[in-house]
Every structure is written in C-alpha cells, then in structure tokens.
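See below for the structure under consideration.
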2 protein chains.
Amino acid sequence: MEEIFKNPDLESVREVLDNYASRPFVVQITGDCSVNYQGRAKSKLDAGQRFVIIKQDNALLVHGPENYQPKNWQPETDEFSFRMDSGQLVLVSRRFNPKEVVEIRFESVELVYVTRLVDDRELVVRGHEVDIHEAIEGSPEIVEEDLCIVEREKETDAGFIDVFARDSDDNLVVIEVKRNPDHNSVLQLSRYIDEIEKEFPSREIRGILVAPKISDNVVNYLEKRDLEFIKIDMEDVIPSYEKFSQTQSSLGQFGSDYRTED
Amino acid sequence: MEEIFKNPDLESVREVLDNYASRPFVVQITGDCSVNYQGRAKSKLDAGQRFVIIKQDNALLVHGPENYQPKNWQPETDEFSFRMDSGQLVLVSRRFNPKEVVEIRFESVELVYVTRLVDDRELVVRGHEVDIHEAIEGSPEIVEEDLCIVEREKETDAGFIDVFARDSDDNLVVIEVKRNPDHNSVLQLSRYIDEIEKEFPSREIRGILVAPKISDNVVNYLEKRDLEFIKIDMEDVIPSYEKFSQTQSSLGQFGSDYRTED
DNA sequence: GTCTAGAGGTTGATG
DNA sequence: CATCAACGTCTAGAC
C-alpha cells in the first residue's frame, strides 16, 4: 500500500496529487519549490529543497532540512488545486476559516512517496496544568491544611479563576495554578482578587499562586502585592505515575533509566 | 544523493541510523512504532503507523497520518542512541536543557528514506505586530487624527509601552498594539497607564488598545477601565504589500487571485 | 460557529 | 543562561 516515484516529471506528480491528495493517503513530495502564504499574515519563501507532506486529513506541511517547525503549513486544507504553469507544478491549498491560502511552486521533484497509515492510538500526556487542578481538588491539603474548595473555573469579569476556596479562618482564597509562572501570572491573580473583592466586599481575600517552580523575580512580585506562593511537587500531582508507567512494557525502564528529576 | 530502503530489517535500519542520523542528512523512517516521552511532562503513545523524521540539525519529529502537529518531537537532539532490544529497534533522543528524552520503539519499518537537502533561503513574513507599530509610527492618523508620536518602546517599570503619544488636546496617550488581544492585553495597558500616571501625575492619560480584531468581552473589560479600542485594518498596515508581491513572479497573481480580504 | 485558556507550547530578543 | 513577549501560534473545551 505504497508508491514511490523517483525523479518524476512534474506532470506525473500532478497526476499523483490528483489521484491521492484528497483521499486518505499521506503524500510526500521532496523537491525544489517556492512557497507563498497569504491569510492572517503574508509570507514568501524563495526556491529551495524541502519536503511537502499532505496528510490523510488534508493537513499540509512544508518542512525544510532543519528546525522543528514547518516553514509553511495549513492545519487543515478545505480545497486543493494542482496545475501546471510555466513549466512549474503549482499546488494551492485553501482554508476557509480563517481564509488562508498556501501556494507551492515546484521547479523539480526528486521523490514522491504515497502511503496509507493506520494509527488509532491516542497520545496520552500527563503533567498538564489541569492535572494540578485535579490534584488540588482531590487533595486540597497539598496547598494548605483545612482548605475547602468552593469552585473550580469560577467565572469573573477578568476571566476564570482556577480554584476558588475558603481557608480554615473562613477567608476566601483565590488560587491560580501555573506550570510556568511568570510576571503575568501574578497580574492575573491580582486581577482575579480585585474582582472577588468587588463580589465579596466585606471578606478577607487571599491569593495563592501554585506552581512546581518559580523564579525569585516572580516571588518578589508576589510579595509586593501580598500574594502567596505554594510550591507543588509534580510527583505528587501526576496521580498515577507508576500506573502510567506500567501500562507499557518499555516504560518501566523509561521511568528509571530516563528519569529526569533528581 | 538519496537512499531508499523498502521493508528493511530492523538491524539494517539501525545501521542506516548509525551512518546518517548525526550527520547533515534528513532521515525518514515510516513504520510501526510506539513512543514515550519524559521531560517537562510525560507522554506515551502505543504502537501505530507513523513516520519519524530526523532533520539535518537533529530535530526529531514523529508524525501520525493526521494533524498539523507531530505526536512527539525533540526540537534539537543532543544525543541519539540506536539499539536493538527484544527484536525491536529502539531510538532514544536526549536533550540536555531542558532534560528530555524521547524513546521510539519500532516493531517494523516499511521505508527508510535518506536525503540531503539544500535550502539557504529565508522565510519572509509580513503582518506581525511590529509591522503595526511601524505603520502607526509612519501614519499616526490610522489610530487618530493629529496624534503625535512621542516614543516607541518606551520603557517603564511595568515593561515597554508599544507607542507613547500625545493627542490634539495635549493628553498623553498610551497605545498597546496586539494582533490577538485578550484580557491580558487590557491588564498590560492598564499597568502601563499606572506607570505613566506615576511619571506624569498632573497629566490626563488615555489608553488605547489597537488591534485588527477584538472580542466583545475584551471590549467590555476595556470600557470598564475607561480604555479605548481602535480597530486597525491590516491592509493599511502591511506597508509594502505591492513591493512584497513584486519580489516574486508568482506573487502578483497571488495577490489578486488569492486575495483573502474583502 | 466564537471565545477562552493552556501548551512538553516554540522562538527570538535582551540583559 | 534566565526572562519576556509574540506567534499565520495550535488545540481542546465550553457556550
């Protein structure tokens, strides 16, 4: 279930694209091309060797020989067109929302590779911010003893408060959770507190930033505003690290050999 | 300057990787693999058909048959290792800062494709936030008539003010430019105004958020704080669209046929 | 569909 | 090497 064309002429590449691009095949084209994009911004890329990938859901990627990121792309193409123009193969990918166009002009093609891939497994990721939210909701004591969770994702005019709680002295507690806290996290917390003060004018309100790490500057910034910081251990947060590991044979080893924490 | 191996046995894939992976070649492997990642977070991906790309700068991508995004990746690999284990080919990519590991286990390989790509052209993008700054500096009237630019990137304790200006009534104007404004943009503007009020206690100060679009919630949030919003037309902003177009033959057509704005 | 907040965000500039 | 802001950010979830 795969086809390879070495040094094809451009017209036959066009035929391959017509045949396969809008069906569930991955089509890869390696060749010399220029790329133009217009949509939310505009970009142009003069001729050079790249590989272009059309995925089975019509995602389009233009990758150069270096870098993690594609040079140009289309997360999802609504409409392809392929034509010859002045001896070049022109591929146009259109998207309707937002309205964006990527035009690729091939001057030559070294290789076309068509295949169909089957992959129904989902990627499982742990360690997101939401994992911290859930850990706090399940075990509020990892932030503070006798903390009582009132609401998660409480809406205010300034946005959503991650965790809204009451402490043992019946003060209101606004908790902002961040994996990578910065300056803005403090501002955000600060604004939430302003909103809560408006909503509960007679109550004492505390603000806590919860994060696995923090820089001194951000701590200073917090202290200036009488806000608190609680460091959380990600090992406490990822609720089933061991279980997670055991679900796959290689991961036990992965967990020990490749351990990155100290 | 390219090599293709169809349905190679895993041991010979390992040899290819040993030969090419750490040299300036793009190595692509299509096959059935599982992937584990550990670093800032953890992820696991059970066996399925994907293609793995090792770029010339040792960037690593694992792409499934769908989606713009890679399933797993390593922007830059500091250290590769390739070994056979229990009849599987194990590729380990390590990065030192941050400390992260991607492990790929191939159960079978359909295709290996090795090539060297030459691409020294730079991608040129227009329409970034800085282009809006420049447009305002060059033509302040696109924000407001008789606006007088005082300073760009004016430094304050709260950060850099995009554009600092004076209006026709000699009020001070703080302009924050965003392509995609949100709540935080308003907070930022707000904070700059606080700083300017400290610096010029006797002056009237206006705050304007300039953006090509905005949501109602953010407008409300602005209005509550007596701040203003000016919508900017990106067509007015990209300063040399025609010139930009003419730098490449196909782009004139690109500009008319593929025009995305109304 | 729009809006909002997070991401293994990534990347580039700056001190 | 850390900090900070922008990104054609993308993506997922809620409304």
Side-chain angles (χ1 to χ4, degrees), chain A residues 35-44 59 62 67-76 95-102 123-133 153 155-156 158-162 176-185 188 213-218 221 234 260, chain B residues 35-44 59 62 67-76 95-102 123-133 153 155 158-160 162 176-185 188 212-221 234 238 260:
Chain A
V35 188
N36 290 303
Y37 153 80
Q38 180 167 343
R40 285 165 293 177
K42 302 171 202 276
S43 77
K44 83 183 187 72
V62 181
N67 300 324
Y68 157 74
Q69 284 206 322
K71 298 246 181 199
N72 283 96
W73 67 93
Q74 204 75 287
E76 193 180 351
R95 222 178 142 190
F96 302 141
N97 186 13
K99 218 165 170 184
E100 296 189 294
V101 182
V102 173
L123 178 70
V124 181
V125 186
R126 303 309 303 262
H128 289 337
E129 190 187 297
V130 66
D131 296 320
I132 307 179
H133 293 191
E153 302 296 335
E155 190 167 8
T156 72
F160 291 85
I161 294 174
D162 286 338
E176 174 64 24
V177 177
K178 286 285 179 215
R179 265 173 49 84
N180 294 298
D182 64 6
H183 205 242
N184 277 336
S185 320
Q188 212 176 332
K213 59 175 181 151
I214 198 166
S215 73
D216 290 344
N217 284 341
V218 177
Y221 208 67
M234 286 304 282
T260 57
Chain B
V35 188
N36 290 304
Y37 152 80
Q38 181 167 343
R40 287 165 293 174
K42 303 170 204 275
S43 78
K44 83 182 187 69
V62 181
N67 300 324
Y68 157 76
Q69 283 204 321
K71 299 250 182 196
N72 284 96
W73 68 91
Q74 204 74 286
E76 194 180 352
R95 222 178 142 191
F96 300 142
N97 186 15
K99 215 165 171 184
E100 297 188 293
V101 183
V102 174
L123 179 69
V124 181
V125 186
R126 304 307 303 261
H128 287 178
E129 191 188 296
V130 66
D131 296 319
I132 306 180
H133 294 191
E153 302 295 335
E155 189 167 8
F160 290 86
D162 287 337
E176 173 64 23
V177 177
K178 287 284 178 212
R179 267 175 53 83
N180 295 299
D182 62 8
H183 274 113
N184 281 333
S185 320
Q188 211 175 330
K213 60 175 182 146
I214 197 167
S215 74
D216 291 344
N217 283 340
V218 176
V219 171
N220 290 340
Y221 202 61
M234 286 304 281
I238 300 182
T260 57

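We name chains A, B, ... by the order of the sequence lines, and we start the count at 1 in each one. Excluded from the calculations below are hydrogen atoms, water molecules and symmetry mates; all remaining heavy atoms, backbone and side chain alike, are included.
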Just the rounded figure in Å: distance from C1' of dC7(D) to CG of Asn72(A). 14 Å
Please enumerate all residues that pass ring-ring contact (aromatic ring centres under 6.0 Å, His included) together with His183(B), with sequence neighbours excluded. Tyr221(B)
Side-chain-base donor-acceptor pair under 3.5 Å for Glu153(A) and dG13(D): no
I need the CG-P distance between Leu123(B) and dG8(D), as an integer number of Å. 8 Å
Across all chains, not counting sequence neighbours, the side chain to side chain donor-acceptor pair (under 3.5 Å) partners of Asp162(A) are none
Could you run down the sub-3.5 Å N/O contacts of the protein with nucleotides 1-4 of chain C?
from   : atom 1 : to        : atom 2 : distance (Å)
dT2(C) : OP2    : Asn97(A)  : ND2    : 3.1
dT4(C) : OP1    : Asn217(B) : ND2    : 2.3
dT4(C) : OP2    : Ser215(B) : OG     : 2.8

Output yes when at least one side-chain N/O atom of Lys42(A) is less than 4.0 Å from OP1 or OP2 of dG8(D), else no. no
DNA chain D: stems of at least 3 consecutive Watson-Crick or G-U pairs whose donor-acceptor distances fall under 3.5 Å: C:1-7 with D:9-15, C:9-15 with D:1-7
Checking contacts here: which listed nucleotide (dG6(C), dA6(D), dA5(D)) is nearest the side-chain heavy atoms of Asn184(A)? dA5(D)
Residues that Arg95(B) engages under salt bridge (charged side-chain N to carboxylate O under 4.0 Å, His left out), provided they are two or more places apart: Glu100(B)
I need the CG-P distance between Asp131(A) and dG6(C), as an integer number of Å. 13 Å
With Asn217(B) via side-chain contact (heavy atoms from CB on, under 4.5 Å) - residues at least two apart: Ser215(B), Asn220(B)
Check the distance between dA12(D)'s C1' and His133(A)'s NE2 and give it to me in whole angstrom. 14 Å
Write down the distance between CD (Gln74(A)) and P (dC10(D)), rounded to a whole number of angstrom. 9 Å
Please work out if Glu76(A) contacts a base, only the sugar-phosphate, or nothing of the nucleic acid, heavy-atom cut-off 4.0 Å. nothing
All side-chain contact (heavy atoms from CB on, under 4.5 Å) counterparts of Asp182(B), not counting sequence neighbours: Asn184(B), Ser185(B)
Which residues satisfy the side chain to side chain donor-acceptor pair (under 3.5 Å) test with Gln69(B), sequence neighbours excluded? none
Any residue meeting salt bridge (charged side-chain N to carboxylate O under 4.0 Å, His left out) with Glu129(B), in chain and number order, not counting sequence neighbours: none
When you compare dC4(D) with dG8(D), how far apart are their P atoms, in angstrom units rounded to a whole number? 22 Å
How would you list, by chain and number, every residue that makes a side-chain contact (heavy atoms from CB on, under 4.5 Å) with Ala158(B), sequence neighbours excluded? Thr156(B), Arg191(B), Tyr192(B), Glu195(B)
For the pair made of CD in Glu155(A) and C1' in dG13(D), what is the distance, rounded to whole Å? 14 Å
Among the candidates dA6(D), dG6(C), dG8(D), find the nucleotide nearest to the side-chain atoms of Gln188(A). dG6(C)
Given atom CD1 of Ile132(A) and atom C1' of dG6(C), what is their separation to the nearest angstrom? 11 Å
Pairing residues for Glu76(B) by the side-chain contact (heavy atoms from CB on, under 4.5 Å) criterion, not counting sequence neighbours: none
Close side-chain approach of Gln188(A) and Lys178(A), heavy atoms under 4.5 Å: yes
For the pair made of NZ in Lys178(B) and C1' in dC4(D), what is the distance, rounded to whole Å? 11 Å
Residues Ser43(A) and Asn36(A): side-chain donor-acceptor under 3.5 angstrom: no
May I ask you to test the Ile132(A)-Arg179(A) pair for a side-chain heavy-atom distance under 4.5 Å? yes
B/S/- along nucleotides 9-14 of chain C (protein heavy atoms under 4.0 Å) is SSS---
